[in-house]
J.: 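Following this message is one structure expressed as structure tokens.
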Amino acid sequence: MKIVHRAQPSWGIGEILQVLEDGRFLAVRFSGRQGPPCHVSAKDPSVVRFRYGPGEEVVLPDGQPAFVIELQESSISPLYRYAIERADGRREVVSEVELVPRPPRPARWRSSPAAAVARPPASPSAIARCASTSSDAPMRLAPSSEAA
């Protein structure tokens with residue numbers, strides 16, 4: 001399943017790797033965040049489900065680009081399925097598991113050195129929460145709801 005952390009847009013799209021402590025926490029690998037997977041609370045309102053929209057470029061596991069034609073929700077599986085079109089024109093339906101999250105594109109305000117200096121620093125609590133997963137205690141953010 002793909003998610004985003006709205007309070008940390010630079011982390012990009014995350015893939016849930018593991019559900020921990022009876023569903024209270026998620027181990028997530030974010031495409032724009034270096035280091036080990038981050039643990040986030042499954043109830044954090046900033047952690048929301050991600051869906052690709054029609055026309056968005058996606059990457060397949062073999063590294064080939066494709067474009068989303070439409071989202072196909074299933075009553076059988078909680079995972080999204082997407083009708084995609086490959087660069088060669090072939091169309092197919094794939095699970096969200098088969099789409100590789102790309103790191104987020106840099107924001108325009110980061111393009112100039114002056115803007116980089118003016119950028120507000122990351123909050124110390126956000127840095128501390130996901131600095132490392134080497135401790136036994138899960139990193140706690142807050143609670144999560146699914147995006148509508």
Side-chain angles (χ1 to χ4, degrees), residues 1-20 23-123 126-134 138-139 141-148:
M1 189 174 286
K2 307 288 192 267
I3 64 170
V4 291
H5 194 296
R6 292 184 295 183
Q8 300 294 338
S10 66
W11 289 358
I13 301 167
E15 292 182 291
I16 297 174
L17 304 175
Q18 189 175 11
V19 178
L20 307 164
R24 290 180 43 219
F25 297 95
L26 307 170
V28 183
R29 180 179 48 230
F30 288 95
S31 61
R33 184 183 169 277
Q34 298 294 316
C38 182
H39 291 182
V40 297
S41 170
K43 296 184 189 250
D44 184 339
S46 295
V47 175
V48 295
R49 183 88 185 264
F50 178 80
R51 318 175 218 219
Y52 292 99
E56 282 191 68
E57 185 176 4
V58 294
V59 178
L60 302 171
D62 63 3
Q64 297 296 311
F67 290 92
V68 172
I69 298 168
E70 69 178 351
L71 168 70
Q72 298 181 344
E73 294 187 59
S74 168
S75 59
I76 300 170
S77 171
L79 298 174
Y80 292 143
R81 296 186 62 73
Y82 295 94
I84 62 163
E85 183 171 329
R86 291 176 174 263
D88 64 7
R90 288 184 295 147
R91 291 182 176 208
E92 62 186 283
V93 176
V94 298
S95 168
E96 69 182 295
V97 173
E98 299 174 68
L99 301 178
V100 179
R102 295 170 25 168
R105 296 174 201 253
R108 288 184 191 164
W109 55 265
R110 291 188 200 152
S111 61
S112 77
V117 171
R119 173 178 50 188
S123 85
I127 293 169
R129 284 192 298 259
C130 285
S132 168
T133 57
S134 60
M139 290 177 233
L141 291 179
S144 159
S145 63
E146 184 168 304

J.: Calculate, to the nearest 0.5 Å, the distance between atoms CD and CD1 belonging to E85 and I69 respectively.
T.: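 Between E85 CD and I69 CD1, I get 5.0 Å after rounding to 0.5 Å.
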J.: Starting at OG of S77, measure out to CD of Q72 and round the result to the nearest 0.5 Å.
T.: 12.5 Å
J.: Of the non-hydrogen atoms in G12 and V4, which two are nearest, and what is the gap between them?
T.: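 Closest pair (atom of G12, atom of V4, distance): O-CG1, 3.8 Å.
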J.: About how many Å separate OH of Y82 and CG of L71, when rounded to the nearest 0.5 Å?
T.: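 Interatomic distance, L71 CG to Y82 OH, rounded to 0.5 Å: 5.5 Å.
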J.: Once salt bridge (Lys or Arg N to Asp or Glu O under 4.0 Å) is applied, do any residues pair with R86, and if so which ones, sequence neighbours excluded?
T.: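 Counting only residues at least two positions away or on another chain, R86 forms a salt bridge (Lys or Arg N to Asp or Glu O under 4.0 Å) with D62, E92.
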J.: Mind checking the OG-NE2 spacing from S46 to H5? Nearest 0.5 Å is all I need.
T.: 5.0 Å
J.: Consider side chain to side chain contact (heavy atoms under 4.5 Å, CB included). Of I16, V48, I13, which one does I3 pass it with?
T.: I16
J.: Which value, rounded to the nearest 0.5 Å, describes the distance between L17 atom CG and C38 atom SG?
T.: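 Rounded to the nearest 0.5 Å, the CG-SG separation comes to 11.0 Å.
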J.: Can you list everything that forms a ring-ring contact (aromatic ring centres under 6.0 Å, His included) with F67? Sequence neighbours excluded, please.
T.: none
J.: Keeping the roles fixed (side chain from Y52, backbone from V68), state whether a donor-acceptor pair exists under 3.5 Å.
T.: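 Between the backbone of V68 and the side chain of Y52 there is no qualifying donor-acceptor contact (under 3.5 Å).
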J.: Can V28 and V47 be said to form a side-chain contact (heavy atoms from CB on, under 4.5 Å), step by step?
T.: CA-CA 11 Å; V28 183; V47 175; over 6 Å; no
J.: With sequence neighbours excluded, tell me which residues meet side-chain hydrogen bond (donor to acceptor under 3.5 Å, both in side chains) with D88.
T.: R90
J.: Can you give each donor-acceptor pair under 3.5 Å made by side-chain atoms of residues 93-104, sequence neighbours left out, with the distance rounded to 0.1 Å?
T.:
unit_1	atom_1	unit_2	atom_2	d
S95	OG	V97	N	3.2
E96	OE1	K2	N	2.9
E96	OE2	R49	NH2	2.6
E96	OE2	Y80	N	2.7
E98	OE2	S95	N	3.1
R102	NH1	E57	OE1	3.4

J.: Which word best sums up how the rings of F30 and W11 line up, parallel for under 30°, tilted for 30 to 60°, or perpendicular for over 60°?
T.: tilted
